[in-house]
Amino acid sequence: MRYLITSALPYINGIKHLGNLVGSMLPADVYARFLRQEGEDVLYICATDEHGTPAEIAALEAELDVAEFCTRQYQKQKDIYEQFGLSFDYFGRTSAPENHELTQHFYQQLAEHGFIEEREISQIYSLDDERFLPDRYVTGTCPHCGYEKARGDQCENCTKVLSPTDLIDPKSTISGSTNLEVRSSKHLFLLLDKLSDEVRTWVDAQTHWPKLTTAIANKWLDEGLQSRGITRDLSWGVSVPAEGFEGKVFYVWFDAPIGYVSATKAWGESTGNDWESWWKGEDIHYTQFMAKDNLPFHTIMWPATILGSREPWKMADYIKGFNWLNYYGGKFSTSSKRGVFLDQALDIAPADYWRYMLMASAPESSDSAFTWEQFQNRVNKELADNLGNFVNRILKFTKSKFGLEVPEGGTPGEAEAELETTCKDLVEKLRGHLRQQEFRRATETLNALWTAGNQYIDVRAPWSLFKTNKDEAAVVIRTCINLIRLYAIASAPFIPHAAETLYDALQLTDDERNSTMAAATDLTILAAGRPFAVPAPLFQKLDDDRVAELKAQYGGD
RNA sequence: GGCUCAGUAGCUCAGUGGUAGAGCAGGGGACUCAUAAGCCCUUGGUCACGUGUUCAAAUCACGUCUGAGCCA
């Protein structure tokens, strides 16, 4: 079995926030790292989603050509994800040639099998902007309540749904121009209604999906699928290979999921691997990660595209959907700049702190809250006190009493056997949770594993044994140093940078680093006489003053 | 307006028919190797409210209230 993993494609228009990270890329990365460690064949693919009006608008604001804008933003996002330790096998772009080619291919397949229809639709055209405007890019006075900044899709004041032609004194959000007119043009529609039964059959067969995923899929199916436009009058995007559609492109929702396939193709071409077998092989288990707003696209629209293509592309075996991570009661929001963005996060604390904290409070079963106090609490109590301090107390004690080598003498006894049993049980639990992608439970189990070491050392009290029975103390220390290796390996999917620091401190060989966590529960592998170093404390605590400062700076209350 | 989800300990959240749970916070204790960390013990709940189904309800049904979100 090979494991294909994708996380929802981050949109190109700006740096993402913690809410984006926790719901897609981070859990996918933890899962990918875990499976690789288990010796599985893994391919983890992601890409930036680059087409659509918001990208064009953002480029205008930045006074850049849209292609240039996207290239810069792509590089920025890619750098940040690397700093967060996201281990993509390939991080592509939907603007890449492979995606143009495959999008046109999917379209042609759909057209050939009768799932595409041409229709005439009316849209607002801005003469000064020289472009069609999506409904929400037109503002004006609401005919119902008189609110002057009502959007063309809905009035935010009275919540009535509008169409842009309802607005009094409509103008372009982009330029403020009032020089608007209604123009009709031809567009292509994907006949989702004709694919509805096939999609439902597929959804019904997915008995192991999380409740949230199934609920959203069924809701869409029960309401009845409508055909959806897949083209737009824009220049930035994948051109439409059909007569009379010159100058039009595919709508972003159509070409974005194809980015999973096309980025895999780009990976294959750049590494000389057989990319197609990952999408058409029989031995593939495919998992998708995303936040709940993306579930309709991945449970309905994208599967319909694949089914309608009449080609054997791999469909998701498991779709892990996440709820929202809220920031003090409201949503994180890119457009209203609310919450903590990834570049800011890295200025505040190292990546591992965020990785751990976010996975420990991942919004798996319902929306969950981010607060600075909770961040402080998890970092201080769990990372610094439970794990970091354990490493520090062992290595410092060993250095001062025995020197910088694993001490010799004595033989493991009953307490060591008991500890090993506890570790084996907890590691099996942890592996189970990770296999099931239960990330909060996984971090709880990881904490229990760290606690087991603190319990062991407190019961054995090598600081007392050292005075009466040096050999016994040496046994405890050897066991604890092996425990540190187990901790590094078991924690590595969550906190890879800290794990690396521990590998280096223990001066592990490549083989000793690349062990499975199950094999690392043997607490006698690192034998007497091995050298080690004492690293600086693994995690720095956040004090109350710092938290108050962050709350003030980021508006948490 | 329709729909979905949520309401469980001071806080954050687990828990889908069988004696209410975890972490943190609070209280007490023994220890001292360590980033005053760790370990042991412990206080704390009318499971939003009401009615019903059941031998048995946090859990199922209906209704109400509150909050969040989605859709038209």
Side-chain angles (χ1 to χ4, degrees), chain A residues 19 135 153-155 158-163 210-220 222-226 291-296 321-333 357-358 360-402 407 433 438-448 450-467 473-474 476-477 480-481 484 534-544:
Chain A
D135 292 354
D153 54 346
Q154 182 170 33
C155 173
C158 68
T159 76
K160 281 215 165 62
V161 173
L162 305 171
S163 110
K211 267 164 61 178
L212 179 70
T213 305
T214 309
I216 289 182
N218 282 328
K219 187 187 159 232
W220 277 72
D222 291 345
E223 284 177 359
L225 301 185
Q226 311 285 321
K292 61 184 172 187
D293 58 332
N294 257 316
L295 283 167
F322 284 85
N323 288 281
W324 303 121
L325 179 70
N326 289 321
Y327 185 76
Y328 289 89
K331 260 199 288 186
F332 277 87
S333 161
M357 183 274 168
L358 291 172
S361 40
E364 289 179 296
S365 53
S366 61
D367 292 356
S368 70
F370 171 88
T371 64
W372 290 107
E373 289 84 353
Q374 192 183 68
F375 178 57
Q376 175 191 35
N377 197 50
R378 291 217 184 263
V379 167
N380 291 4
K381 298 300 299 182
E382 297 174 17
L383 288 180
D385 292 347
N386 204 6
L387 173 62
N389 182 58
F390 179 76
V391 171
N392 198 240
R393 70 194 294 204
I394 301 298
L395 296 184
K396 276 199 173 157
F397 177 78
T398 310
K399 181 186 173 190
S400 77
K401 304 296 185 198
F402 295 98
H433 291 322
E438 291 172 340
F439 296 99
R440 262 192 321 210
R441 289 207 168 107
T443 57
E444 276 169 24
T445 307
L446 198 52
N447 250 284
W450 298 338
T451 296
N454 280 311
Q455 288 169 327
Y456 167 76
I457 198 176
D458 270 57
V459 168
R460 294 287 268 153
W463 45 90
S464 302
L465 285 175
F466 186 77
K467 295 170 193 159
V476 176
I477 290 306
C480 285
I481 288 179
I484 292 174
V534 183
L538 281 183
F539 304 99
Q540 293 301 312
K541 292 194 199 186
L542 290 108
D543 61 34
D544 293 347

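Numbers restart at 1 for each chain; the letters A, B, ... are given by sequence-line order, proteins then strands.
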ask   = Reading RNA chain B 5' to 3', what string of ( ), [ ], | and . shows its pairs, if Watson-Crick and G-U wobble pairs count only when both distances fall under 3.5 Å?
value = ((((((((.[[[[.)..(..]]]].((((.........)))).....[[[[[..)....]]]]]))))))).

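- Within the 4.5 Å cutoff, the side chain of A:L538 has no heavy atoms near those of the A:L383 side chain.
- The gap from the C1' atom of B:A48 to that of B:U8 amounts to 10 Å, rounded to the nearest Å.
- In this structure, A:L295 places its CG atom 13 Å from C1' of B:C5, rounding to the nearest Å.
- A donor-acceptor contact shorter than 3.5 Å is absent between the side chain of A:N454 and the backbone of A:F390.
- In summary, of the residues considered (A:E382, A:Q374, A:Q376), a side-chain hydrogen bond (donor to acceptor under 3.5 Å, both in side chains) with A:R378 occurs for A:E382 alone.
- Here the separation of B:G21 from B:A36, taken at their P atoms, is 35 Å to the nearest Å.
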Below 3.5 Å between N/O atoms, which protein atoms pair up with nucleotides 31-34 of chain B? Just atom names and distances, please.
residue, atom, partner, partner atom, Å
B:C33, O2', A:R393, O, 3.3
B:C33, O2, A:R393, NE, 3.1
B:C33, N3, A:R393, NE, 3.3
B:C33, N3, A:R393, NH2, 2.5
B:C33, N4, A:R393, NH2, 3.0
B:A34, O3', A:N392, OD1, 3.2
B:A34, O2', A:N389, OD1, 2.6
B:A34, O2', A:N392, OD1, 3.2
B:A34, N1, A:R393, NH2, 3.3
B:A34, N3, A:N389, ND2, 3.1
B:A34, N3, A:R393, NE, 3.2

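- Residue A:R378 is classed as having no contact, given no heavy-atom separation below 4.0 Å to the nucleic acid.
- Look at CG on A:D367: it is 8 Å from C1' on B:G69, rounded to the nearest Å.
- Summarising the geometry, atom CG belonging to A:D544 is positioned 9.0 Å from atom CD belonging to A:E373; distances are rounded to the nearest 0.5 Å.
- When rounded to the nearest whole Å, the span between CD of A:E382 and C1' of B:A22 equals 11 Å.
- Between A:E364 and A:W220, it is A:E364 whose nearest contact on RNA chain B lies nearer the 5' terminus.
- B:C47 and B:A6 have their C1' atoms separated by 14 Å, with the value rounded to a whole Å.
- Between the C1' atoms of B:C60 and B:G27, the separation comes to 40 Å (whole Å).
- The ring of A:F370 has its center closer than 6.0 angstrom to the ring center of A:W372.
- Side chains of A:S464 and A:K467 form no contact here, defined as non-hydrogen atoms less than 4.5 Å apart.
- Going from the P atom of B:A57 to that of B:C41 covers 33 Å, rounded to whole Å.
- One finds the NZ atom of A:K399 at 14.5 Å from the CD1 atom of A:I477 (value rounded to the nearest 0.5 Å).
- Interface residues of residues 537-544 of chain A facing RNA chain B, ordered by number: A:P537, A:L538, A:F539, A:K541; criterion, heavy-atom separation under 4.0 Å.
- Between B:U59 and B:G50, the distance separating the two P atoms is 12 Å to the nearest Å.
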request  = Start with the C-alpha distance between A:K292 and A:D367, add both sets of side-chain angles, then the distance that settles side chain to side chain contact (heavy atoms under 4.5 Å, CB included), and finish with yes or no.
outcome  = CA-CA 10 Å; A:K292 61 184 172 187; A:D367 292 356; 3.0 Å; yes

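- Between the P atom of B:U35 and the CD atom of A:Q376 lies a distance of 20 Å, rounded to the nearest Å.
- Rounding to whole angstrom units, CG of residue A:L325 and C1' of B:C13 are separated by 13 Å.
- Ranked by how close their nearest RNA chain B nucleotide is to the 5' end, A:R441 and A:K381 are led by A:R441.
- Between the OG1 atom of A:T451 and the CG atom of A:N386 there is a distance of 4.0 Å, given to the nearest 0.5 Å.
- To the nearest angstrom, P of B:C13 lies 13 Å from CD of A:E444.
- The same atom, C1', is picked in B:U53 and in B:G44; the two are 33 Å apart, to the nearest Å.
- In this structure, OG1 in A:T443 is found 8.0 Å from CH2 in A:W450, a value given to the nearest 0.5 Å.
- No side-chain heavy atom of A:F322 sits less than 4.5 Å from a side-chain heavy atom of A:L212.
- Remark: the separation of the C1' atoms in B:A58 and B:C49 is 14 Å, to the nearest Å.
- Neither OP1 nor OP2 of B:C5 sits under 4.0 Å from any side-chain N or O of A:K219.
- Side-chain contact annotation: A:N323 with A:S368, donor-acceptor N/O pair under 3.5 Å absent.
- Counting any heavy atom pair closer than 4.0 Å across all strands shown, A:T371 reaches no nucleic acid atom.
- Computed from coordinates, the A:N380 CG to B:C11 P distance equals 21 Å when rounded to whole Å.
- Rounded to an integer number of Å, the gap from NZ of A:K292 to C1' of B:U4 is 9 Å.
- Closest heavy-atom contact between A:I484 and A:V391: CD1-CA, 4.0 Å.
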